[in-house]
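Below is one structure, written out as structure tokens, with a few remarks after it.
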Amino acid sequence: AQSVTQPDIHITVSEGASLELRCNYSYGATPYLFWYVQSPGQGLQLLLKYFSGDTLVQGIKGFEAEFKRSQSSFNLRKPSVHWSDAAEYFCAVGAGGNKLTFGTGTQLKVEL
Amino acid sequence: GAVVSQHPSRVICKSGTSVKIECRSLDFQATTMFWYRQFPKQSLMLMATSNEGSKATYEQGVEKDKFLINHASLTLSTLTVTSAHPEDSSFYICSAIGQPSGETQYFGPGTRLLVL
């Protein structure tokens, strides 16, 4: 069965600093990988996705993620964080039947 | 594109009553819709998968007689929480895939249910 690990429950960064959110997955085949962001009391917004091809994926709001098969990782990065980026971030792996398995999420706090 | 709406956004009901939550794909045809439940400060737990015109597939541990799911059209799925109890209070989120979203799930804004 597939699984997703987000080892950091909380991360605090200063506005303007760079950001990296970690995600490790376990899946028997080539995974579909996603990053979603959730603001309080809201649904999930898709930031980016990886299906195949170029392992460096560009998303919305200046985010990018790199798929590293050897490390089973799909870390999310942003070179300069804005205060509005404060939210909960979820990594997910797509399985058969289009099901998604989510990580436990990383809460990002941005200090001004 | 790929917008999913949910109604209502929040609902308060008395214990023992039933509550219906609607999930709509506004600009695409959703061949498959998913229903999730999210507890405070936790991740999303898949409850069931519904394909248009067929019965929903429930995840292990989810009571299908309590959480009735109907996916009668390519743009609408409903989740009915029957005989709701306080422990059913939660944040319910739907998502949809179809054409042209393909393998990507697009999520609704969620429904906050509080059972008194």
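A quick note: this is a predicted structure, and the numbers were derived from the prediction, not measured. Chain letters run A, B, ... following the sequence lines, proteins first, then strands; residues in each count from 1.
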Exceeds 12 heavy-atom contacts within 6.0 angstrom, atom CD of B:Glu59
yes
Can you give the donor-acceptor pairs under 3.5 Å from side chains of residues 52-59 of chain A to other protein atoms, not counting sequence neighbours?
unit_1	atom_1	unit_2	atom_2	d
A:Asp54	OD1	A:Leu56	N	3.1
A:Gln58	NE2	A:Glu64	OE1	3.1

Sorted by chain and number, sequence neighbours left out, ring pair (Phe, Tyr, Trp, His ring centres under 6.0 Å) with A:Phe67 holds for A:Tyr50
task = May I ask you to check whether over 12 heavy atoms, not counting those of B:His7, lie within 6.0 Å of atom NE2?
result = no
When rounded to the nearest 0.5 Å, the distance separating OH of A:Tyr36 from OH of B:Tyr106 is 7.5 Å
Are A:Leu100 and B:Tyr36 side-chain neighbours, meaning at least one heavy-atom pair lies under 4.5 Å? yes
- Query: Is the shortest heavy-atom distance from the side chain of B:Thr104 to the side chain of A:Phe51 under 4.5 Å?
  - Reply: yes
Contact list (residues 14-25 of chain A to chain B, heavy-atom gap under 4.5 Å, by number) returns none
Sorted by chain and number, sequence neighbours left out, side-chain hydrogen bond (donor to acceptor under 3.5 Å, both in side chains) with A:Trp35 holds for none
Q. Transitively linked via ILVMFWY side-chain contacts under 4.5 Å: B:Val62 with B:Phe34?
A. no
Separation between CD (B:Gln105) and CZ (A:Phe34), nearest 0.5 Å, reads 7.0 Å
For this session: Please indicate whether A:Ile9 has more than 12 foreign heavy atoms, meaning atoms of other residues, nucleotides or ligands, lying under 6.0 Å from its CD1.
Result: no
Ranking A:Gln6, A:Gln107, A:Gln45, A:Gln38 by heavy-atom pairs under 4.5 Å to chain B gives rank one to A:Gln38
**Message:** Is there a side-chain contact between A:Leu44 and B:Leu44 in this structure, where contact means two heavy atoms from C-beta onward sitting under 4.5 Å apart?
**Reply:** yes
When the 4.5 angstrom heavy-atom criterion is applied to B:Gln38 and chain A, the contacting part is side chain
*Counting heavy atoms not belonging to A:Arg77, are there more than 12 under 6.0 Å from its CZ?*
yes
message: Does B:Lys64 have more than 12 heavy atoms from other residues, nucleotides or ligands lying within 6.0 Å of its NZ?
response: no
Q.
Is it the case that the side chain of A:Thr104 and the backbone of B:Ser43 share a donor-acceptor pair, with hydrogens and angles ignored and the cut-off at 3.5 Å?
A. no
### B:Ile97-B:Trp35 co-clustered via ILVMFWY side chain contacts under 4.5 Å
no
